[in-house]
Colleague: 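Quick one: this structure, given as structure tokens, is what I'll be asking you about.
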Protein chains: 2
Amino acid sequence: MSRSSARAKFRYEHARPSVTVDMVVLTVVDFDLKLLLIERGQEPFEGHWALPGGFVQVGDGIEDQGEDLDVAAVRELQEETGLSARDVFLEQLYTFGKAGRDPRGRVVSVAYYALVPADRVPRVRAGDDAADATWISVSRLDRIDLAFDHADIIALAVERIAGKIEYDLRLAMSLVPRSFTKAELRRVFEVVTGNDYDKSNFNKRFNRMIEDGVIVDAPGKRAGSGPGRPAHLYAFAGKRLAGL
Amino acid sequence: MSRSSARAKFRYEHARPSVTVDMVVLTVVDFDLKLLLIERGQEPFEGHWALPGGFVQVGDGIEDQGEDLDVAAVRELQEETGLSARDVFLEQLYTFGKAGRDPRGRVVSVAYYALVPADRVPRVRAGDDAADATWISVSRLDRIDLAFDHADIIALAVERIAGKIEYDLRLAMSLVPRSFTKAELRRVFEVVTGNDYDKSNFNKRFNRMIEDGVIVDAPGKRAGSGPGRPAHLYAFAGKRLAGL
DNA sequence: CCAAAAGTGTTAACAGTACACCCATGC
DNA sequence: GCATGGGTGTACTGTTAACACTTTTGG
């Protein structure tokens, strides 16, 4: 008995749902939390805005079981934005599987979120089955027609990130440019959480990270821009400085 | 054109994975964090221990899209333990979807965890395709042959709960009996996190919860048990006291 | 000099930690 | 009485929060 038939013998025979990955791609630009949305070019929800995403490749399901969920997420991100896994912070968010969430049939969607640094935000444009693609301010989402249950997915992503940025430094690290000022980092926190942070108190946290070696001085200085005293530039020690 | 054919027109035609829910059912008894495991009676992994779980019912996928993921989790819990959703704290954990995690074919598994109060721990026994079922101490899991990637799922659940119990009171609420002593609550925290908590300092947190009305005095008193001064009994205000 | 933005210092309140001590019960 | 576990008090430390203040730049 060959191995494949030995496997096939135990094959499940139940009805199966489709499985997709949906990507909540976020970045902070211009004092604003922005989200990548695709305008659907097909039914259902033609003309509505939706999260980028697509089907998980499953192979024949026996010999070739297809791609990992994480790989599917990275692939979708690459296809829609050109970004690679090294450029962003990517993490699974939640799996949405209510019956009826897609009128075409049963679809279970594994949602991921991706945080894009401000200095790597790609220009986006219409793709295969997308009529259009743009970055939309999260604060203006209520005026937008979203497809499927994507409003729920986005709301959960924003809530999760707002909570997690306080204790997981990687989130802020992955939203800020390679070199950044104290005020820029602070504004990332403010935009993501919706809170105001006292400048002095925030700087104390910041200075502690310098003492701990988490943050280091950035080599160059930024071109003198607006009015007021020019700010020091810093960088996270870990990776991004030497990374690329 | 009937509604069903209008929908069928848009039906997805991709290869689809099977989707299951796996349940990490935990409780704290006898100073120990315990986990419900099933001994598999069939290949693959016959004789190995596995998490309770099963397929998500999908219906025909068009007119009837089957059950929600959450409903599937509640149903599996009920089938294996007799517990209802009201008895436990139930939450989605993570979705495991690596290719090759099940030798029979592509399976995406949505993992949930359920926390069972110490006074509602059901007796369990062998079921349909389970040779046996028991509560096993999490600290002794390294000696046990686990099926599939269930060791990873359990590890993630334990880690998540250990982190979350510190800031989400619902977890401790759902592990402790309807009425409980300060020491019992403290031991739940100790067993779940693996830390030691200073009695006095823990009691301060506890007393603050009383001031805030989160915890109230429990009516009766417990039968005099061991040596030493008998402890006061308390209950969480919210629900469990009046709940049933 | 003035506006604007960067950056520092001071204080009080609060929460966490370590540790010593007292109270009530069974035997 | 004494062992056992329940329960409290105190002093120290570190973090947070509010707010006033100084520094450096462009015009």
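Chain letters run A, B, ... following the sequence lines, proteins first and then strands; every chain starts at 1.
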Colleague: Under the salt bridge (Lys or Arg N to Asp or Glu O under 4.0 Å) rule, collect the residues that match up with A/D168, sequence neighbours excluded.
Modeller: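 Counting only residues at least two positions away or on another chain, A/D168 forms a salt bridge (Lys or Arg N to Asp or Glu O under 4.0 Å) with A/R170.
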Colleague: Could you tell me which residues satisfy ring-ring contact (aromatic ring centres under 6.0 Å, His included) with A/Y113, sequence neighbours excluded, listed by chain and number?
Modeller: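 Once residues adjacent in sequence are excluded, A/Y113 has no partner under the ring-ring contact (aromatic ring centres under 6.0 Å, His included) criterion.
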Colleague: Only counting residues at least two apart or in another chain, list the ones meeting side-chain hydrogen bond (donor to acceptor under 3.5 Å, both in side chains) with B/D152.
Modeller: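 Scan of B/D152 (side-chain hydrogen bond (donor to acceptor under 3.5 Å, both in side chains), adjacent residues dropped) gives none.
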Colleague: Nearest to the A/K182 side chain among C/dG16, C/dA24, C/dT8, which nucleotide is it?
Modeller: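 Given the options C/dG16, C/dA24, C/dT8, the side chain of A/K182 is closest to C/dT8.
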Colleague: Not counting sequence neighbours, list each pair that qualifies as a side-chain hydrogen bond (donor to acceptor under 3.5 Å, both in side chains) and has a residue in residues 29-38 of chain B.
Modeller: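 Sorted result for residues 29-38 of chain B: B/D32-B/S137.
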Colleague: Residues from residues 185-200 of chain A sitting under 4.0 Å of DNA chain C, heavy atoms only?
Modeller: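 A/K199, A/S200, in order of number.
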Colleague: Could one point to a donor on the side chain of B/N201 or the base of C/dA15 with an acceptor on the other under 3.5 Å away?
Modeller: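 Per atom types, no contact qualifies.
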Colleague: Mind checking salt bridge (Lys or Arg N to Asp or Glu O under 4.0 Å) for A/D68 and listing every partner two or more places apart, or none if nothing turns up?
Modeller: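 Per chain and number, A/D68 pairs via salt bridge (Lys or Arg N to Asp or Glu O under 4.0 Å) with no residue.
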Colleague: Expressed as a whole number of angstroms, how long is the span from B/R229:CZ to C/dT25:P?
Modeller: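 Result: 7 Å.
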Colleague: Checking B/D198 now: which residues fulfil side-chain hydrogen bond (donor to acceptor under 3.5 Å, both in side chains) with it, not counting sequence neighbours?
Modeller: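 B/D198 satisfies side-chain hydrogen bond (donor to acceptor under 3.5 Å, both in side chains) with B/N201 once adjacent residues are dropped.
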Colleague: What range of DNA chain D does chain B touch, first nucleotide to last, counting atoms under 4.0 Å from its heavy atoms?
Modeller: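 Nucleotide range in contact with chain B: D/dT4 to D/dT10.
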Colleague: At 4.0 Å (heavy atoms only), tell me whether A/K204 reaches a base, stays on the sugar-phosphate, or touches nothing.
Modeller: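 If one applies the 4.0 Å heavy-atom cut-off, A/K204 turns out to touch a base.
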Colleague: Specify the separation, in whole Å, of atom CG of B/N203 and atom P of C/dC22.
Modeller: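 So the CG-P distance, B/N203 to C/dC22, works out to 18 Å.
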Colleague: Once rounded to the nearest 0.5 Å, what's the spacing between atom CG of B/D119 and atom CZ of B/F180?
Modeller: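 If we round to the nearest 0.5 Å, B/D119:CG and B/F180:CZ are 11.0 Å apart.
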Colleague: Take the protein atom CZ of A/F202 and the nucleotide atom C1' of C/dT8, then report the distance between them rounded to whole Å.
Modeller: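 For the pair A/F202 CZ and C/dT8 C1', the rounded distance is 16 Å.
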Colleague: Using distance only, find each side-chain donor-acceptor pair of residues 156-164 of chain A under 3.5 Å and give its atom names and separation, not counting sequence neighbours.
Modeller:
{"from": "A/R160", "atom 1": "NH1", "to": "A/L93", "atom 2": "O", "distance (Å)": "3.2"}
{"from": "A/R160", "atom 1": "NH2", "to": "A/L93", "atom 2": "O", "distance (Å)": "2.7"}
{"from": "A/K164", "atom 1": "NZ", "to": "A/E91", "atom 2": "OE1", "distance (Å)": "2.8"}
{"from": "A/K164", "atom 1": "NZ", "to": "A/E91", "atom 2": "OE2", "distance (Å)": "3.3"}

Colleague: So, OP1 or OP2 of C/dG7: does either fall under 4.0 Å of a side-chain N or O from A/H232?
Modeller: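 Checking C/dG7 against A/H232, a side-chain N or O does come within under 4.0 Å of OP1 or OP2.
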